[in-house]
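What follows is a short report on a single structure.
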Amino acid sequence: MKLIILNDYDQASEWAAKYIRNKIILFKPGPDKYLTLGLPTGLPRDHPESYHSFMWNNFFKHIDIKAENTHILDGNAADLQAECDSFEEKITAAGGIELFVGGIGPDGHIAFNEPGSSLVSRTRVKTLAKDTIMANARFFDGDLSKVPTMALTVGVGTVMDAKEVMILITGAHKAFALYKAIEEGVNHMWTVSAFQQHQQTVFVCDEDATLELRVKTVKYFKGMMYVHNKLVETPSSEQMKN
């Protein structure tokens, strides 16, 4: 497990972006290896707050990718469980997830795997916790009645099968969740803690998110930054050939 501690949100975001860039360059992804994870149900694809709209407006339309090479869970599918099963099959057919990138909630949930979720769960329909619904109300003019109460999400087990996992944790309101994630044991009430047991997990955080950590923990990982910063250096031409 690596814990990358940057000064603030912007620096954490830049470090993560460079790391992802390098992984893409070295992995050389193709048309069968684009997978986008997690989508609230009940919203039309063109709804401005749907994940489909978010991904297109903030990512897909800015890069060189064909629509047929994007794979987003369809929250309006007639058979939601069949949609989830199909998504798992697509991941397997693509050779698995090379790099999963996600954030967490203040309660330590990853994707929409709310507290109490099984740590071996697969892609499925999940009921959202009240805290998650309230946190998302800001996207719906504060009207809780408009916020989806169910979601399609990859499971913890699905993410654990990824070859590498990057978790972004920023802000003082996520500090207790980061503490639970790395300084206490694995606990299904803090689903992000499962990634202590993943063979290749990178937690990227800012200073504010470390407020609940032990001083010696912070000092240890900060002392490793001279090594970790090498991970975001531009790959050499020789590396890109291999």
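Bear in mind the structure is a predicted one, so any value in this text is a computation, not a measurement.
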- Message: I'd like to know if the side chain of H188 and the backbone of L119 have a donor-acceptor N/O pair within less than 3.5 Å.
- Response: no
- Can you tell me how far NE2 of H228 sits from CG of L231, rounded to the nearest 0.5 angstrom? 6.5 Å
- Verify same cluster id: M225, M166 (apolar side-chain graph, 4.5 Å): yes
- Note on the structure: So CZ of F221 and CD1 of I182: to nearest 0.5 Å the spacing works out to 5.5 Å
- Task: Answer yes or no: is there a donor N or O on one side and an acceptor on the other, between the side chain of Q197 and the main chain of V186, under 3.5 Å?
- Result: no
- Item | Step-by-step salt bridge (Lys or Arg N to Asp or Glu O under 4.0 Å) determination, K23 to E98 | CA-CA 9 Å; K23 288 295 178 178; E98 186 71 15; over 6 Å; no
- Query: From I110 CD1 over to M160 CE, what is the distance, rounded to the nearest 0.5 angstrom?
  - Reply: 11.5 Å
- Task: Answer whether the closest heavy-atom distance between the side chains of K180 and S193 falls below 4.5 Å.
- Result: no
- Looking at V154 and T123, what are the two nearest heavy atoms and their distance? CA-OG1, 3.5 Å
- Message: Closer than 3.5 angstrom, by distance alone: can the side chain of T201 be matched with the main-chain N or O of M1 as a donor-acceptor pair?
- Response: no
- Query: Are any of the side-chain nitrogens in R122 or D161 under 4.0 Å away from the carboxylate oxygens of its partner?
  - Reply: yes
- May I ask whether V120 and V165 are part of the same hydrophobic cluster, defined by side-chain heavy atoms of I, L, V, M, F, W, Y residues being less than 4.5 angstrom apart, directly or through others? no
- Task: Considering non-hydrogen atoms only, spot the tightest contact between L3 and C205 and give its length.
- Result: CD1-SG, 3.9 Å
- Message: Given 3.5 Å as the limit, does a donor-acceptor pair link the side chain of S13 with the main chain of Y9, or not?
- Response: yes
- Query: With under 30° as parallel and over 60° as perpendicular, where do the rings of F176 and Y179 fit, or are they tilted in between?
  - Reply: tilted
- Item | Spatial distance of atom CD (E184) from atom CH2 (W190) [nearest 0.5 Å] | 9.0 Å
- Message: Taking the side chain as everything from C-beta on, heavy atoms only, tell me whether Q11 gets closer than 4.5 Å to D206.
- Response: no
- Message: If you count every heavy atom of other residues, nucleotides or ligands that lies below 6.0 Å from K146 atom NZ, does the total exceed 12?
- Response: no
- Query: CD1 of I25 to CD1 of I20: how many Å apart, nearest 0.5 Å?
  - Reply: 12.0 Å
- Item | Main-chain N/O of A77 paired with E83 side-chain donor or acceptor, under 3.5 Å | no
- Should V202 and I167 count as side-chain neighbours, where that means a heavy-atom distance under 4.5 Å? no
- Query: Ignoring hydrogens and geometry, is there a side-chain-to-backbone donor-acceptor pair from S121 to S118 under 3.5 Å?
  - Reply: yes
- Task: Given side-chain contact (heavy atoms from CB on, under 4.5 Å), test L128 with T149 step by step and report yes or no.
- Result: CA-CA 5 Å; L128 301 183; T149 58; 5.6 Å; no
- Message: Tell me the closest heavy-atom pair linking T153 and A111, and the distance in Å.
- Response: OG1-CB, 3.2 Å
- Passes side-chain contact (heavy atoms from CB on, under 4.5 Å), L99 versus K163? Steps please. CA-CA 6 Å; L99 174 64; K163 295 175 184 176; over 6 Å; no
- Item | Main-chain N/O of D143 paired with D141 side-chain donor or acceptor, under 3.5 Å | no
- Between T158 and E88, the two heavy atoms sitting closest are OG1-OE2, 2.6 Å
- Item | Closest non-hydrogen atom pair between A209 and L178, with its separation | O-CD2, 3.2 Å
- Could you tell me whether a side-chain N or O of K174 sits under 3.5 Å from a main-chain N or O of G105, the two making a donor and an acceptor? no
- Task: Find the distance between CZ (F60) and CE (M55) and round it off to the nearest 0.5 Å.
- Result: 4.0 Å
- Task: Any chance you could pull the hydrophobic cluster mates of V227, using side-chain heavy atoms under 4.5 angstrom and chaining through other members?
- Result: Y226
- Query: Within a radius of less than 6.0 Å around NZ of K28, do more than 12 heavy atoms belonging to other residues, nucleotides or ligands occur?
  - Reply: yes
- Query: Is there a side-chain contact between K222 and E207, using heavy atoms and a 4.5 Å cut-off?
  - Reply: yes
- Check against side-chain contact (heavy atoms from CB on, under 4.5 Å), E164 and F100: CA-CA 6 Å; E164 187 169 359; F100 176 91; over 6 Å; no
- Ignoring hydrogens and geometry, is there a side-chain-to-backbone donor-acceptor pair from N22 to E233 under 3.5 Å? yes
- Item | Minimum side-chain heavy-atom gap I97-V159 below 4.5 Å | no
- Query: Are I169 and M224 grouped together when hydrophobic residues (ILVMFWY) are joined by side-chain heavy atoms under 4.5 angstrom apart?
  - Reply: yes
- Check whether more than 12 heavy atoms from other residues, nucleotides or ligands sit under 6.0 Å from atom CZ of F27, and answer yes or no. yes
- Query: Of all heavy-atom pairs between A151 and F112, which one has the smallest distance, and what is that distance?
  - Reply: CB-CD1, 3.7 Å
- T170 side chain reached by D208 side chain, heavy atoms, under 4.5 Å: no
- Message: Quick check: do L6 and I4 have side-chain heavy atoms less than 4.5 Å from each other?
- Response: yes
- Are L144 and F140 in one and the same hydrophobic cluster, where Ile, Leu, Val, Met, Phe, Trp and Tyr link if side-chain heavy atoms are under 4.5 Å apart? yes
- Item | Any side-chain heavy-atom pair of I5 and V218 under 4.5 Å | yes
- Message: Between W56 and Y51, is the ring centroid distance below 6.0 Å?
- Response: no
- Task: Decide side-chain contact (heavy atoms from CB on, under 4.5 Å) for N113 and K126; before the verdict, give the C-alpha distance in whole Å, the side-chain angles of both, and the deciding distance to 0.1 Å.
- Result: CA-CA 7 Å; N113 294 286; K126 185 67 180 174; 5.7 Å; no
- Query: With distance as the sole test, does E114 use its side chain to make a donor-acceptor pair with the main-chain N or O of A129 at under 3.5 Å?
  - Reply: yes
- Message: Is there a continuous path of hydrophobic side-chain contacts, each under 4.5 Å between heavy atoms, that joins I65 to F59?
- Response: yes
